[in-house]
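So you know, we letter chains A, B, ... as the sequences are listed, proteins then strands, and number each from 1.
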Amino acid sequence: MRIATWNVNSITARLPRLLAWLESSGTDVLCLQEAKVAEDQFPIEPLRELGYEAAVHATGRWNGVAVLSRVGIEDVVKGLPGDPGYDGAVEPRALSATCGPVRVWSVYVPNGREVGHPHYVYKLEWFEALRAAVAGDAQGSRPFAVLGDYNVAPTDDDVFDASAFEGSTHVTPAERAALTALREAGLADVVPRPLKYDQPFTYWDYRQLAFPKNRGMRIDLVYGNAPFAQAVKDAYVDREERKGKGASDHAPVVVDLDV
DNA sequence: ATGTCGTTGCTCCAACGA
């Protein structure tokens, strides 16, 4: 079974590439983020024609997550229990579902904007709510994983130049501690292999020729419990999908499971 | 040189988020 996570940065803008990629990659289950579309505008029909069912949690311009599956979708739960919300509103950033033998979450962790910003506080609170919500399944015997855009680079090796991130979000001890807490809850970082260069970056800013210069970050992560991690046969970043016109600023992370 | 992209709205450019 092939499972993947991809921040598509607008499913409307990405639809042609998304459909082509689903077919060419043979992905069975895709956790996607930043749908940036209202739920009733989600392109269910062209996905169905490719054989995928979709579970969607989205409200419009910002955020929005989904799980696409051609191996079934059951027990869909929209939202994160205990989600702190931001500025008085809970945002669509999490969805969980069971697809065949695996239970997954598709998550879009708040960016944080700047260290100390209210959005950064929100980010840390959101992480704690996520940890509490997944702790049970993390200890379970069913393969389980939280896939998505974590907006945190786990180590200094997960950014192109640690010195370029001094004082920035995505690399602070508090953000990394949130990842540590998830691992201590029973989830392991399934690190993909890069198809080129040494570091498996998953995101390159659109600006300043970041992709051609490979100034990237690994912030799209797959955190799986022990049964999930033991079933992993291969994992890689499909950086080809970051190339060319009409690309998302994130590349898909693909995991092959023997389940 | 913020070498970009995508969205929305009192649109055809500006503001915002990433």
Side-chain angles (χ1 to χ4, degrees), chain A residues 5-21 31-43 46 56-66 83-94 106-127 130 147-154 158-161 163-172 174-175 178 201-221 237-253:
Chain A
T5 181
W6 190 12
N7 179 325
V8 296
N9 186 20
S10 169
I11 194 167
T12 307
R14 216 61 60 212
L15 189 60
R17 285 186 75 133
L18 172 64
L19 296 174
W21 183 80
C31 296
L32 77 79
Q33 301 85 35
E34 284 210 82
K36 286 187 169 180
V37 74
E39 211 157 301
D40 60 6
Q41 299 291 109
F42 197 91
V56 182
H57 185 35
T59 54
R61 182 177 192 179
W62 305 117
N63 314 304
V65 291
D83 191 316
Y86 183 67
D87 203 18
V90 173
E91 303 170 320
R93 293 180 175 276
S106 177
V107 299
Y108 177 46
V109 177
N111 174 285
R113 298 185 187 166
E114 291 174 19
V115 177
H117 189 284
H119 208 263
Y120 177 81
V121 177
Y122 166 49
K123 181 179 195 174
L124 297 177
E125 292 173 346
W126 201 93
F127 261 124
L130 178 66
L147 304 94
D149 179 354
Y150 281 65
N151 270 317
V152 179
D158 295 309
V159 297
F160 66 89
D161 178 3
S163 68
F165 289 85
E166 281 177 27
S168 301
T169 60
H170 294 56
V171 299
T172 65
E175 289 166 288
F201 297 145
T202 66
Y203 163 84
W204 299 259
D205 198 295
Y206 282 128
R207 293 168 288 187
Q208 298 178 282
L209 296 177
F211 183 65
K213 294 177 177 175
N214 199 34
R215 294 185 178 179
M217 309 172 73
R218 185 171 76 94
I219 57 176
D220 298 271
L221 309 177
V237 182
D238 191 354
R239 72 187 300 284
E240 295 300 307
E241 201 47 48
R242 180 62 179 79
K243 293 181 176 178
K245 199 167 173 59
S248 171
D249 42 2
H250 296 252
V253 177

### Task
Apply side-chain hydrogen bond (donor to acceptor under 3.5 Å, both in side chains) to A:K245 and list each qualifying residue two or more places apart in sequence or on a separate chain.
none
### Query
By side-chain hydrogen bond (donor to acceptor under 3.5 Å, both in side chains), which residues pair with A:D149, not counting sequence neighbours?
A:N7
## Note on the structure
Closest heavy-atom pair, A:V37 versus A:A58, reported as atoms and distance to 0.1 Å, is O-CB, 3.2 Å
## Note on the structure
Applying side-chain hydrogen bond (donor to acceptor under 3.5 Å, both in side chains) to A:N9 and not counting sequence neighbours gives A:K36, A:Y206
### Message
Quick check on DNA chain B: between A:H119 and A:S10, whose nearest nucleotide comes earlier from the 5' end?
### Response
A:S10
### Query
Is there side-chain contact between A:L221 and A:P154, with at least one heavy-atom pair below 4.5 Å?
yes
### Query
What are the residues of residues 205-215 of chain A, sorted by number, that bring a heavy atom to within less than 4.0 Å of DNA chain B?
A:Y206, A:R207, A:Q208, A:L209
### Query
If you measure from the P atom in B:dT7 to the same atom in B:dT2, how many Å do you get, rounded?
25 Å
### Task
Determine the Euclidean distance between corresponding C1' atoms of B:dC10 and B:dA15; express it in Å to zero decimal places.
14 Å
### Task
Please examine the side chains of A:T202 and A:W6, heavy atoms only from C-beta on, and report whether any two atoms are closer than 4.5 Å.
no
### Query
Taking A:R14 for the side chain and A:V8 for the main chain, is one N or O donor matched with an acceptor at less than 3.5 Å?
yes
### Summary
Heavy-atom nearest nucleotide on DNA chain B taken for A:V37 and for A:Y203; more 5' hit belongs to A:V37
### Message
Please give the distance between the P atoms of B:dA1 and B:dC16 as a whole number of Å.
### Response
24 Å
### Message
When the C1' atoms of B:dG3 and B:dT8 are compared, how many Å lie between them, rounded to an integer?
### Response
25 Å
### Criterion ring-ring contact (aromatic ring centres under 6.0 Å, His included) on A:H170 and A:F165, from CA distance to verdict
CA-CA 8 Å; A:H170 294 56; A:F165 289 85; 7.8 Å; no
### Query
Do the ring planes of A:Y150 and A:F127 sit parallel (below 30°), tilted (30 to 60°) or perpendicular (above 60°)?
tilted
### Query
How many angstroms lie between CG in A:N63 and OG1 in A:T59, if you round to the nearest 0.5 Å?
6.5 Å
### Message
Reading DNA chain B from 5' to 3', where do the contacts with chain A start and stop? Cut-off is 4.0 Å to heavy atoms.
### Response
B:dT2 to B:dA18
### Summary
Here the residues of residues 107-114 of chain A within 4.0 Å heavy-atom distance, strictly under, of DNA chain B are A:Y108, A:N111, A:R113
### Touch class at under 4.0 angstrom, heavy-atom based, for A:S248 against every strand present
nothing
#### Entry: Straight-line distance of A:D249 CG to A:E34 CD, nearest 0.5 Å
7.0 Å
